[in-house]
Amino acid sequence: LVKGEGRILVMDDDLLLQDVYQRLLRQLGYTPVIVSGGEEALEAYRRARERGEPFAALIMDLTIPGGLGGKETIKRLLAMDPNAVAIIASGYSNDPVMARYAEYGFKDVVRKPFSAQRLSEVLSKVLRGRSPAQR
């Protein structure tokens, strides 16, 4: 596993997955903050920046039933912070966002179900070269 550091915002409505992210990210050395939907993610991201405690990266679920999913949230996030580091996560591998994630503003993709190894590698890759202040 590739260890790291920094605060990671996770947007997922699945309570079981929230717990998995929480445990895995802590094991990898990150500080996870978990939210259930896009509006909540945008608010948490804004507040963290205002406090001078920005997130190193965000992991967003592609679909949030009855709420803002990753595809909608990324547009608003990048309007707020064009340098945001966002990763899209989904089990819907046939969705165009998963195949062409960079065109939508995401830095990488995690397909569900994912392994701890894959999550650690993706986070390491997207955070590589960022200074500790950017994490």
Side-chain angles (χ1 to χ4, degrees):
L1 297 178
V2 184
K3 301 273 184 158
E5 62 181 26
R7 290 168 24 97
I8 307 295
L9 179 60
V10 176
M11 179 187 96
D12 200 302
D13 64 314
D14 184 312
L15 295 177
L16 180 60
L17 270 174
Q18 288 179 1
D19 186 54
V20 169
Y21 277 120
Q22 187 88 252
R23 285 185 285 115
L24 264 180
L25 289 169
R26 284 190 195 287
Q27 181 184 349
L28 294 172
Y30 297 100
T31 304
V33 174
I34 312 291
V35 297
S36 296
E39 293 288 351
E40 194 179 352
L42 292 166
E43 182 61 22
Y45 192 87
R46 183 190 61 74
R47 281 195 320 266
R49 288 183 72 205
E50 287 174 356
R51 286 192 315 264
E53 300 172 349
F55 290 101
L58 293 87
I59 301 170
M60 297 184 199
D61 190 8
L62 178 62
T63 56
I64 303 288
L68 284 181
K71 185 176 172 182
E72 300 83 14
T73 304
I74 189 71
K75 293 175 192 171
R76 292 172 57 184
L77 176 70
L78 292 174
M80 181 190 316
D81 179 6
N83 297 314
V85 174
I87 299 161
I88 191 70
S90 180
Y92 298 110
S93 57
N94 61 345
D95 191 288
V97 176
M98 298 299 284
R100 299 188 322 266
Y101 60 88
E103 292 176 25
Y104 293 87
F106 294 100
K107 302 296 185 206
D108 211 327
V109 62
V110 174
R111 286 173 174 66
K112 296 177 187 176
F114 55 85
S115 67
Q117 184 70 37
R118 172 67 182 158
L119 184 62
S120 75
E121 289 168 355
V122 167
L123 283 167
S124 175
K125 180 183 132 189
V126 300
L127 295 175
R128 192 174 301 127
R130 293 176 67 83
S131 72
Q134 293 172 302
R135 288 190 228 148

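Fair warning: this is a prediction, and the values are worked out from it, not measured in the lab.
Closest heavy-atom contact between Ser124 and Tyr30: N-OH, 4.2 Å. Nearest heavy atom pair, residue Met98 against residue Ser93, reads CB-O, 4.1 Å. The shortest non-hydrogen separation linking Phe55 to Ala44 is CE1-O, 3.6 Å. What you find for Asp108 and Tyr101 is that their closest heavy atoms are CA-CE1, 3.3 Å. In plain terms, the two heavy atoms of Gln18 and Asp12 that are nearest each other are NE2-O, 2.6 Å. Nearest heavy atoms, Ala56 versus Gly6: CB-CA, 4.3 Å.
For the pair Tyr104 and Ile88, the minimum side-chain heavy-atom distance is 4.5 Å or more. Within the 4.5 Å cutoff, side-chain heavy atoms of Gln117 are placed close to those of Leu1. Side-chain contact between Leu123 and Leu25: present, with at least one pair of heavy atoms (C-beta onward) separated by less than 4.5 Å. Within the 4.5 Å cutoff, the side chain of Arg118 has heavy atoms near those of the Val109 side chain. Between Ile87 and Val126, the closest side-chain pair of non-hydrogen atoms falls below 4.5 Å.
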Chi angles and distances behind the ring pair (Phe, Tyr, Trp, His ring centres under 6.0 Å) call for Tyr21, Phe114:
CA-CA 10 Å; Tyr21 277 120; Phe114 55 85; 5.2 Å; yes
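To the nearest 0.5 Å, the span separating CG on Leu58 from CZ on Arg7 amounts to 10.5 Å. A distance of 9.0 Å separates CZ in Arg111 from OG in Ser90, rounded to the nearest 0.5 Å.
Applying the salt bridge (Lys or Arg N to Asp or Glu O under 4.0 Å) criterion to Arg46, with sequence neighbours excluded, gives Glu43, Glu50.
Without hydrogens or angle criteria, Lys125 side chain to Ser120 main chain gives no donor-acceptor distance under 3.5 Å.
One hydrophobic cluster, built from ILVMFWY side chains closer than 4.5 Å, cannot hold both Val2 and Val10; they sit in different ones.
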For residues 62-75, which side-chain donor-acceptor pairs fall under 3.5 Å, sequence neighbours excluded?
residue	atom	partner	partner atom	Å
Glu72	OE1	Gly69	N	2.9
Thr73	OG1	Gly69	O	2.7

